[in-house]
Amino acid sequence: MEFSLTDLSNPTKENGEERVNVLILGSGPAGLSAALYAARADLNPVVLTGMELGGQVSLTYTVENYPGFPEGVGGSEMVELFQKQAERFGARVEFDTATEVDLSQRPFRIQTYNTIYLADTLIITTGATPRHLNVPGEKELTGRGVSYCATCDGWFFKDKELIVVGGGDSALEEGIFLTRYANSVTIVHRRDELRAGPVLEKQARENPKVKFIWNSVVDEILGKEAVEAVRLKNVLDGSEREYPIDGVFIFIGHIPNTQLFEGQLEMDPMGYIQTDKWMRTNVPGVFAAGEAADSRFRQVITSAGMGAAAAIQANHFLSEFESELEAAGEIDS
Ligand SMILES: Cc1cc2nc3c(=O)[nH]c(=O)nc-3n(C[C@H](O)[C@H](O)[C@H](O)COP(=O)(O)OP(=O)(O)OC[C@H]3O[C@@H](n4cnc5c(N)ncnc54)[C@H](O)[C@@H]3O)c2cc1C
């Protein structure tokens with residue numbers, strides 16, 4: 001691997017290529033927290049927003065589990081505040097998306113729609129996307145009764161009737177969790193047997209609040225201001241019926257947004273980037289944080305924490321590298 005050093009205080013732009021100390025891919029909680037920490041370390045980080053400015057949380061109506069907001073905070077308002085805080089210290093946010101990366105040598109080469117970045121360190125916070133049902137009403141009612149996160153939204157459904165879509169481990173785990181709040185949780189599954197492990201299945205079947213509707217799919221989610229019902233279709237005979245409900249939790253998997261790095265970074269079998277506890281990937285100088293590297297916690301606070309940690313590590317990496325060059329007499333101390 002070839003190394004060279006950027007003047008840390010003065011990123012440069014030449015021939016359509018821009019040299020930066022820290023490039024952050026993603027503008028969700030992980031990316032903007034990384035930006036805040038990198039900016040406060042005087043690294044002039046550049047954040048590429050991708051197609052979803054603010055990330056997943058910007059889709060949600062209210063966030064009630066992030067400390068510091070006793071009355072809750074709107075999802076998009078929250079990430080706007082994250083962005084302002086990072087910009088106050090010198091982070092630059094660009095409405096652009098990485099389309100190609102070359103991590104084989106430093107500076108890393110990142111092609112976007114608008115430019116080419118040469119980055120001394122790269123922080124990947126491209127998140128993950130919950131799989132959607134792609135049925136009418138789903139998008140419109142997300143945050144208004146449609147949810148992909150029991151930890152985030154369960155509390156809003158005290159004494160309500162819910163359905164959970166899915167038949168795997170996470171559907172059952174999250175469904176059982178939701179019984180803490182809801183009157184009933186009905187698992188809607190397209191087959192007549194579950195994919196979840198036997199222990200979880202036993203727990204679900206023994207829970208008096210859990211019911212099952214088999215061989216069925218949700219064809220439409222109905223409601224004006226909030227979810228009122230779903231249209232269920234029986235996959236065996238094609239019959240349809242309207243099923244009144246207060247909320248729909250969809251747990252049919254997540255897709256990490258990491259395809260761009262395939263073959264260059266180590267990933268687990270599901271495509272999550274593997275890091276050590278310091279957010280380092282297998283390529284020195286490349287860090288990953290938030291849901292792109294985390295299939296377990298999937299929260300704003302955990303993603304933000306990982307983003308901050310990645311930026312602290314990127315700063316250490318650059319300082320160590322600079323000291324090595326100084327010791328080798330390649331730059332003036
Ligand atoms: C509807 C909903 C409600 C939620 N509610 C809560 C809640 O109440 N509390 C809570 O703690 N958590 C909640 N979550 C979960 C929370 O939003 C996520 O855990 C968090 O957003 C993950 O942050 P992240 O920065 O890792 O990734 P994301 O938020 O997924 O952000 C990924 C970012 O990467 C960008 N990106 C992707 N590809 C590229 C590319 N090639 N180049 C540049 N950028 C790219 C995207 O545009 C986006 O900006 C909710 C999630 C959803 C979907």
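Counting starts at 1 for both ligands and their atoms, in listed order. What's counted below: heavy atoms across the whole structure, side chains too, no hydrogens, waters or symmetry copies. The first residue in the sequence is number 1, and the count goes up from there.
Salt bridge annotation for Glu201-Arg205: present, with a cationic side-chain nitrogen under 4.0 angstrom from a carboxylate oxygen. Checked for salt-bridge contact, Arg19 and Glu17 miss the test: no charged N lies under 4.0 Å from a carboxylate O. In this structure, Glu100 does not pair ionically with Arg109, as no charged nitrogen and carboxylate oxygen lie closer than 4.0 Å.
A donor-acceptor contact closer than 3.5 angstrom is absent between the side chains of Gln56 and Glu52. Thr99 and Gln111 form no side-chain donor-acceptor contact under 3.5 Å, judged by distance and modelled atom types alone. Asp268 and Gln274 form no side-chain donor-acceptor contact under 3.5 Å, judged by distance and modelled atom types alone.
Expressed to the nearest 0.5 Å, how far CD1 of Ile255 lies from OH of Tyr272 amounts to 9.0 Å. Here Arg241 contributes atom CZ and Leu232 contributes atom CG; the two are 5.5 Å apart, rounded to the nearest 0.5 Å.
For ligand 1, the polar-atom distance check finds no N/O of Tyr148 at less than 3.5 Å from any of the ligand's N/O atoms. In terms of N/O distances under 3.5 Å, ligand 1 is approached by Ser27. Not one N or O of Ala292 is nearer than 3.5 Å to an N or O of ligand 1, by distance alone. At least one N/O-N/O distance between Ala98 and ligand 1 falls below 3.5 Å. Checked against a 3.5 angstrom limit, the closest N/O atoms of Gln299 and ligand 1 fall inside it. Checking only distances, Leu53 never comes within under 3.5 Å of ligand 1, N or O to N or O.
Here the closest heavy-atom approach between residue Leu172 and residue Ala204 is recorded as CD2-CB, 3.9 Å.
In terms of protein heavy-atom proximity, atom 48 (C) of ligand 1 is nearest to Glu52 O, 3.3 Å. Nearest non-hydrogen protein atom to atom 2 (C) of ligand 1 is Thr60 CB, 4.1 Å. In terms of protein heavy atoms, atom 37 (C) of ligand 1 is closest to Thr126 O, 3.5 Å. For atom 25 (O) of ligand 1, the nearest non-hydrogen atom of the protein is Ala30 N, 2.9 Å. For atom 27 (O) of ligand 1, the closest non-hydrogen atom of the protein is Gly127 CA, 3.4 Å. The closest protein non-hydrogen atom to atom 51 (C) of ligand 1 is Gln56 OE1, 3.8 Å. Protein heavy atom at the shortest distance from atom 9 (N) of ligand 1 is Asn65 OD1, 2.9 Å. Closest to atom 1 (C) of ligand 1 among all protein heavy atoms lies Thr142 CG2, 3.9 Å.
The ligand atoms of ligand 1 that sit less than 4.0 angstrom from a heavy atom of Thr49 are 35 (C), 44 (N), 46 (C), 47 (O), 48 (C), 49 (O). Within the listing of ligand 1, atoms 41 (N) sit less than 4.0 angstrom from a heavy atom of Leu260. Near Gly50, meaning under 4.0 Å from any of its heavy atoms, are these atoms of ligand 1: 43 (C), 44 (N), 45 (C), 47 (O). Atoms of ligand 1 lying under 4.0 Å from any heavy atom of Gly55, numbered from 1 in the order shown and given with element: 28 (P), 29 (O), 31 (O), 48 (C), 49 (O). Each of the following atoms of ligand 1 lies closer than 4.0 Å to a heavy atom of Gly28: 25 (O), 29 (O), 31 (O), 33 (C), 49 (O). With ligand atoms numbered from 1 in the order given, ligand 1 contributes 26 (O) to contacts under 4.0 Å with heavy atoms of Gly290. Within ligand 1, counting atoms from 1 as listed, the ones closer than 4.0 Å to a heavy atom of Leu48 are 43 (C), 44 (N). Close contacts of ligand 1 with Arg298, meaning ligand atoms under 4.0 Å from a residue heavy atom, involve 15 (C), 19 (O).
The number of heavy atoms from other shown groups lying within 6.0 Å of NZ (Lys209) is above 12. Residue Glu225 qualifies as open at atom CD: its count of foreign heavy atoms under 6.0 Å is 12 or below.
Between Leu25 and the choices Asp96, Leu122, Val46, Asn257, the side-chain contact (heavy atoms from CB on, under 4.5 Å) rule is met once, by Leu122.
Under 4.0 angstrom from ligand 1, there are no non-hydrogen atoms of Cys149. Under 4.0 Å from ligand 1, the heavy atoms of Thr125 that appear belong solely to its backbone. Proximity of Met51 to ligand 1, defined as any heavy-atom pair under 4.0 Å, is confined to the backbone N, CA, C and O atoms.
Remark: distances from the non-hydrogen atoms of Pro29 to ligand 1 include one below 4.0 Å.
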Taking it one step at a time, do Phe249 and Phe157 satisfy ring pair (Phe, Tyr, Trp, His ring centres under 6.0 Å)? CA-CA 11 Å; Phe249 281 76; Phe157 293 91; 5.3 Å; yes
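Close placement of the Phe82 and Tyr66 rings is indicated, their centers lying within 6.0 Å of each other. Ring-centre distance between Phe156 and Tyr181: not below the 6.0 Å cut-off. Between His132 and Tyr148, the ring center distance clears the sub-6.0 Å criterion.
Considering each of Pro130, Gly72, Cys152, the one bringing a non-hydrogen atom nearest atom 13 (C) of ligand 1 is Cys152. For atom 34 (O) of ligand 1, the choice among Gly26, Ser33, Gly54 with the nearest heavy atom turns out to be Gly26.
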